[in-house]
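Accompanying notes for the structure given below.
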Amino acid sequence: MSAMTRPRPRVAAAAATVAAAALVLTGCSSSGSSSSGEGQVGFVTVKGTNLSKADVGKRGDAPDITGETLEGNQAKLSDYRGKVVVLNVWGSWCGPCRAEAKSLQTVSEKYKDQGVQFLGINTRDTDTRNAVRFEQEQGVTFPSIFDPAGTQLLKFPKGSLNPQSIPTTLIVDRDGKLAARAVGGTTEDALESILQPVVAEQKQ
């Protein structure tokens, strides 16, 4: 489905500049535990990987990401409270995003009947048609919020399991808290290694 490009005000352009400065676009950086004293602390990076996770009781609240999807519908992260949500930050211009797209789609289909919702955040695409074409070519069926200026990404507090590159994939638990993060492109196995433990928490 195509959509017309809307004119963006100067404030959106300024926000895009800030957001771009805050993100590492190579998709190959990762961080360890934060010592900033702001937002979420106590999460750890799995040694030798780009994966980080936080135990129950040490998780910070995920910001309420909201906006219009590429298909023109309204979506809000808090609408999925009670489900595990996989948030994927991506752009159609991003090579690692293209490489991981089919893995994300496969995992989304595998877990859709286990109370898991996938939600994309499409950023730095100035035209929805590029992003929609990407989804069609990659067979992606889960919704994505159109966030060209990166304003939704700026809602994540410093020191939290926040998006640090494009792509980044975040796991939000059933209580709306940030449980895990994969920085850079991910694979089915890597994604499931951080998703499955959060899905299993309902059985505890």
Side-chain angles (χ1 to χ4, degrees), residues 1 39-40 42-46 49-90 97 99-123 131-132 134-136 138-147 152-153 155-157 160-164 166-204:
M1 182 184 299
Q40 177 175 329
F43 64 87
V44 296
T45 297
V46 180
T49 75
N50 63 349
L51 308 176
S52 302
K53 58 184 180 179
D55 293 331
V56 176
K58 296 182 179 180
R59 297 171 182 171
D61 292 332
D64 195 11
I65 302 302
T66 185
E68 187 174 290
T69 68
L70 295 173
E71 291 72 33
N73 303 313
Q74 290 296 315
K76 182 185 296 185
L77 178 59
S78 60
D79 288 341
Y80 302 120
R81 188 65 58 84
K83 290 187 174 184
V84 175
V85 180
V86 179
L87 279 176
N88 177 248
V89 182
W90 65 280
C97 300
E100 72 172 3
K102 285 184 170 61
S103 292
L104 290 167
Q105 179 64 25
T106 297
V107 177
S108 74
E109 292 172 359
K110 182 175 180 178
Y111 285 83
K112 66 181 179 181
D113 295 327
Q114 299 184 47
V116 177
Q117 172 68 47
F118 275 60
L119 179 64
I121 304 175
N122 171 254
T123 191
V132 170
F134 175 98
E135 288 188 326
Q136 292 172 341
Q138 300 301 318
V140 174
T141 60
F142 55 83
S144 282
I145 290 173
F146 184 52
D147 185 32
Q152 298 304 306
L153 303 182
K155 291 182 177 181
F156 287 87
S160 72
L161 284 171
N162 55 5
Q164 292 192 336
I166 301 172
T168 289
T169 302
L170 303 159
I171 310 297
V172 181
D173 69 17
R174 291 178 178 81
D175 295 322
K177 296 184 180 297
L178 293 164
R181 176 184 65 192
V183 176
T186 190
T187 63
E188 291 177 42
D189 289 345
L191 179 54
E192 286 195 77
S193 74
I194 55 175
L195 173 60
Q196 181 56 43
V198 181
V199 173
E201 287 171 2
Q202 65 177 331
K203 301 176 183 179
Q204 297 177 2

Heavy-atom donor-acceptor pair, Asp173 side chain to Gly176 backbone, under 3.5 Å: yes

Carboxylate-amine/guanidinium proximity below 4.0 Å for Glu188 and Lys110: no

Exam field: side chain Arg174 to backbone Tyr80, donor-acceptor pair closer than 3.5 Å: no

Any side-chain heavy-atom pair of Val86 and Ile171 under 4.5 Å: yes

Stepwise side-chain contact (heavy atoms from CB on, under 4.5 Å) check, Lys76 with Asp64: CA-CA 7 Å; Lys76 182 185 296 185; Asp64 195 11; 3.1 Å; yes

For the student: nearest non-hydrogen atoms of Ala182 and Leu51, plus distance: CB-CD2, 3.5 Å

Contacts of type salt bridge (Lys or Arg N to Asp or Glu O under 4.0 Å), residue Lys83, not counting sequence neighbours: none

Side-chain (Thr186) to main-chain (Ala190) donor-acceptor, under 3.5 angstrom: no

Validation row: Lys112, Phe142 side chains within 4.5 angstrom (heavy atoms): no

Contact summary for Ala54 and Leu178, nearest pair of heavy atoms: CB-O, 4.2 Å

Residue pair Glu201 / Val56, side-chain heavy-atom distance below 4.5 Å: yes

Atom NZ of Lys155 with >12 non-hydrogen neighbours under 6.0 angstrom: yes

Contact summary for Val89 and Cys97, nearest pair of heavy atoms: O-SG, 4.5 Å

Close side-chain approach of Trp90 and Ile121, heavy atoms under 4.5 Å: no

With Thr169, the side chain to side chain contact (heavy atoms under 4.5 Å, CB included) member among Val183, Asn50, Leu87, Asn88: Asn88

For Pro163 against Leu170, the heavy-atom pair lying closest together: CG-CD1, 4.0 Å

Arg59 side chain vs Ala180 backbone, donor-acceptor pair below 3.5 Å: no

Non-hydrogen side-chain atoms of Glu135 and Gln105 separated by less than 4.5 Å: no

Side-chain heavy-atom pair Arg181, Thr168 within 4.5 angstrom cut-off: yes

Check: Leu119 and Pro143 side chains under 4.5 Å, non-hydrogen atoms: yes

From CA spacing to verdict: side chain to side chain donor-acceptor pair (under 3.5 Å), Thr123, Asp147: CA-CA 5 Å; Thr123 191; Asp147 185 32; 4.6 Å; no

Euclidean distance, Gln74 CD relative to Ile145 CD1, rounded to 0.5 Å: 8.5 Å

Short N-O contact, Glu109 and Lys102, less than 4.0 angstrom: no

Sidechain-backbone polar pair: Asn122 side chain, Ser144 backbone, donor-acceptor under 3.5 Å: no

Note, Val107 side chain near Glu192 side chain (heavy atom, < 4.5 Å): yes

Thr66-Gln152 side chain donor-acceptor pair, cut-off 3.5 Å: no

OG on Ser103 to CD on Gln138, rounded to 0.5 Å: 10.5 Å

